Number of protein chains: 2
Amino acid sequence: MNEAMPRNGEKVRKSLQWAALELFRDRGYEETTAADIAAKAGVTERTFFRHFADKRDVLFDGEAAFSEALTQAIRNAPKAFGPWDTLLFSFGSVKQMFIDNRPFTEPRQYVIAATPALQERAMAKTRSLVTNVTSALCERGVSEPEANLVAWMGMAASSYGVAAWFKDNSMGLGEHMAQAFEKASRLSQSNFATTKTTATSSEPRARGR
Amino acid sequence: MNEAMPRNGEKVRKSLQWAALELFRDRGYEETTAADIAAKAGVTERTFFRHFADKRDVLFDGEAAFSEALTQAIRNAPKAFGPWDTLLFSFGSVKQMFIDNRPFTEPRQYVIAATPALQERAMAKTRSLVTNVTSALCERGVSEPEANLVAWMGMAASSYGVAAWFKDNSMGLGEHMAQAFEKASRLSQSNFATTKTTATSSEPRARGR
DNA sequence: CCACATAATGTCAGTCGCTGACAATGAATG
DNA sequence: CATTCATTGTCAGCGACTGACATTATGTGG
């Protein structure tokens, strides 16, 4: 084999993640000790902290890989695209990761919603992702402050799209994401009393200029 | 007097905040213990944790008051305004708080930038603020998902505006904020190769439609 | 001036998150 | 079978944070 795998720790890692998710869901985050998670996974507390930097981190693991994929997609986006189109294109490129991780991220969502400490960590991960996206956009010629701004707006649109995808199975993630970006674009316009574009108006017209 | 003030704890509170800010700046966050902060303020570690929920919270105190003021401004905004104009109007209404708190927030900024744990807390506070803004927008007839989306985008624009204000003293916060919202609006448009509005192009023309 | 009520603080013991150091274990290689 | 090396177990210890109870300082009423 390629790499050494003396007592393979990858299974232990996954086992710890699922054990933590279940315990947090059943007993609550604060009421679950790190030793409890380790015990349920059949290892020691010390081993837990060798796999994860801290107790919160056990629920946020794929983030680094996702960030890598997303920033790579940004680099591969057509050079003619402006930053906004680049982001929509890139989120579409990595949509498979959303789909694959859904079995873990969807139940995780409820645990996070019930735990301030985990919401904090989730935001920190988002911030880290935005930082990386900003760098990738800068490589495309966007200034740093503008790249940071558009990265945050794109992240807001993406979150909106994923939330809609979770609730509405009648459309794929790609369509939800495209509609989310369109909605974000419309909502950030200066005009008066524009609250009539509320519901699910399916207008898949291509991106006009 | 109105309220009882047996051993007035407000001075202790302020004293703890400034002691923490200085120690974090000079010695670093991780290298500063809660007992150190308390000692510098002339009290006990236990007293520190009576005033602040945890070690990080000592740097984020005015957040609740700011959130209160901002959401109130949203409620007072002209009813004809759409959500985007409402946010710009409301951030302008509370700009005095930005100015008043600058002596504390500006040095704090560098401490946060050097401390991941504090960045995490800052993001959590922002998230809390966005949640309150979302609720206030919902009261104006915006649907919850859309309100959340526009609240995040407005927050991104606001951060951009404040950062520009910190760096450029030639304009007031109000003008910086208005330009930030305009820039956000333009950046979230779908078009190709729109990266020529990069640098400091001073275009103080009023918000056209 | 002296109780008295009240709120802030001090003291102490204890749990939990987390880490460094060192020994022990199990799988692959020769 | 011996070696190697990554993973794990064990243990001691620090810092963050909390509950319980005693203590101090302030303002009030007699």
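Bear in mind the structure is a predicted one, so any value in this text is a computation, not a measurement. Note on naming: letters A, B, ... go to the chains in the order of the sequence lines (proteins, then strands), and numbering restarts at 1 for each one.
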For [X], give me all partners under salt bridge (charged side-chain N to carboxylate O under 4.0 Å, His left out), at least two apart in sequence or on another chain.
X: B/Asp100; value: none
X: B/Glu22; value: B/Lys40
X: B/Lys14; value: none

Between [N] ([atom2]) and [X] ([atom1]): distance, integer Å:
X: B/Glu45; N: C/dC12; atom1: CD; atom2: P; answer: 13 Å
X: A/Asp57; N: C/dG17; atom1: CG; atom2: P; answer: 15 Å
X: B/Lys11; N: C/dT9; atom1: NZ; atom2: C1'; answer: 16 Å

Within 45° cone and under 6.0 Å: B/Arg127 NZ/CZ vs B/Trp152 ring: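 The answer is no, since B/Arg127 fails at least one limit relative to B/Trp152.
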Is there a residue in [range] whose heavy atoms reach under 4.0 Å of DNA chain D, and which residues are they?
range: residues 46-56 of chain A; answer: A/Arg46, A/Thr47, A/Arg50, A/His51
range: residues 113-126 of chain A; answer: none
range: residues 16-35 of chain B; answer: B/Thr32, B/Thr33, B/Ala34

What residues, two or more places apart in sequence or in another chain, satisfy side chain to side chain donor-acceptor pair (under 3.5 Å) together with [X]?
X: B/Asn76; result: none
X: B/Thr47; result: none
X: A/Gln72; result: none
X: A/Arg25; result: none

Mind checking what makes ring pair (Phe, Tyr, Trp, His ring centres under 6.0 Å) contact with A/Phe48, not counting sequence neighbours?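 A/Phe48: ring pair (Phe, Tyr, Trp, His ring centres under 6.0 Å) contacts with A/Phe52.
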Taking only residues two or more places apart in sequence or in another chain, which ones pass ring pair (Phe, Tyr, Trp, His ring centres under 6.0 Å) with A/Phe98? A/Phe66
